[in-house]
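Structure record follows, encoded as structure tokens.
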Amino acid sequence: MIGADHLRSDAGPSIEIMPPRAEPIAAAAVSPGATLAIIYTSGTTGPSKGVMCPHAQYYWWGFHSGQILGVSADDVLCTTLPLFHVNALNTFAQALLSGARMVLESRFSASDYWPTMVRNQATVIYLLGAMVPILLAGEPRTDERGHKVRIGLGPGVPANLGAEFAARTGVTLLEGYGATETNFVIASSLQAERPGTIGRVVEGFESACRRCRRC
């Protein structure tokens, strides 16, 4: 939640209130291919690289991700991931396109993760593979089941840990793969979830395996 007035309650999270609505301004003459931002890659073995992301690419990130997760205006999207790469920025795009509410937490905390999701009334969560074993390392807690989360995005989670996470928390984590410069191109679904697989190519994209280039 973004805005000018900063509030904090001892009983809850820090909240920034949106400024009051003003008269709309005319849209700028921007083409879909115009650069929106330079976003740096993550998950690479070398130095991060700056990707010149056009407006259309950012739109389709939100569109495809929202469809995969079934995001609607009734959802509360909650992420603890940073805004310097496309995962959390993509969450914001999903909120813009669907009308859902987004809650952006300042950091990931294993001990406070589920209380935070309960407090925010989150319905969709966003995790990376390494975060799941951290959350599962502690003893089961009552708040792991006392939430409203219906689905999560969790790329790179080992199949056995994904199943354990679902059994323990009631939340299925969908696999998904893409790249900052390409979009969300491969994903699983609730209807075709197969632990240990990376999912299927999203409609509108094609894939080819590096070895034969014929897939």
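Not measured: the values here are computed from a predicted model.
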From CZ (R141) to OG (S111), nearest 0.5 Å: 7.0 Å
pair S31-H55: side-chain heavy atoms closer than 4.5 Å: no
Reported CG-to-CZ distance for the pair L104 and F92, which is rounded to 0.5 angstrom: 10.0 Å
Verify same cluster id: W60, I68 (apolar side-chain graph, 4.5 Å): no
Path from L81 to F84 over hydrophobic side-chain contacts below 4.5 Å: no
Co-membership, hydrophobic cluster, residues L89 and Y40, 4.5 Å side-chain: no
Contact summary for K148 and Q121, nearest pair of heavy atoms: NZ-NE2, 3.8 Å
A100 versus S72, closest heavy-atom pair with distance: CB-O, 3.3 Å
Distance-minimising heavy-atom pair for P54 and P32: CB-O, 3.4 Å
Ring geometry between F63 and Y59 (parallel below 30°, tilted from 30 to 60°, perpendicular above 60°): parallel
Donor-acceptor contact below 3.5 Å, side chain R168 vs main chain L136: yes
Output field: ring centroids Y58/W61 closer than 6.0 Å: no
Nearest-0.5 Å distance that lies between atom CD1 in I38 and atom NZ in K49: 15.0 Å
Reported OH-to-CZ distance for the pair Y113 and F108, which is rounded to 0.5 angstrom: 7.0 Å
Main-chain N/O of M102 paired to Q94 side chain as donor or acceptor, under 3.5 Å: no
Polar side-chain atom of R101 near backbone of D75 as donor-acceptor pair, under 3.5 Å: no
Sub-4.5 Å side-chain heavy-atom contact between W114 and H147: yes
Distance-only donor-acceptor check, side chains N120 and E105, under 3.5 Å: yes
Donor-acceptor contact below 3.5 Å, side chain T41 vs main chain S48: no
Chi angles and distances behind the side-chain contact (heavy atoms from CB on, under 4.5 Å) call for N87, Y126: CA-CA 8 Å; N87 195 307; Y126 303 84; 4.1 Å; yes
Validation row: V103, L77 side chains within 4.5 angstrom (heavy atoms): no
Close side-chain approach of L69 and L174, heavy atoms under 4.5 Å: yes
Shared hydrophobic cluster for V51 and L36 (ILVMFWY, side-chain gaps under 4.5 Å): no
M131 and T80, any side-chain heavy atoms less than 4.5 Å apart: yes
Side chain proximity check, V71 to T123, heavy atoms < 4.5 angstrom: no
Shared hydrophobic cluster for V30 and M52 (ILVMFWY, side-chain gaps under 4.5 Å): no
OG-CG distance between S98 and D74, expressed to the nearest 0.5 angstrom: 9.5 Å
G146 versus V118, closest heavy-atom pair with distance: O-CG2, 3.5 Å
I39 CD1 to C53 SG distance, which is reported to the nearest 0.5 Å: 4.0 Å
Heavy-atom donor-acceptor pair, T169 side chain to V171 backbone, under 3.5 Å: yes
Partner of L173 under side chain to side chain contact (heavy atoms under 4.5 Å, CB included), chosen from L161, L153, I151, L127: L127
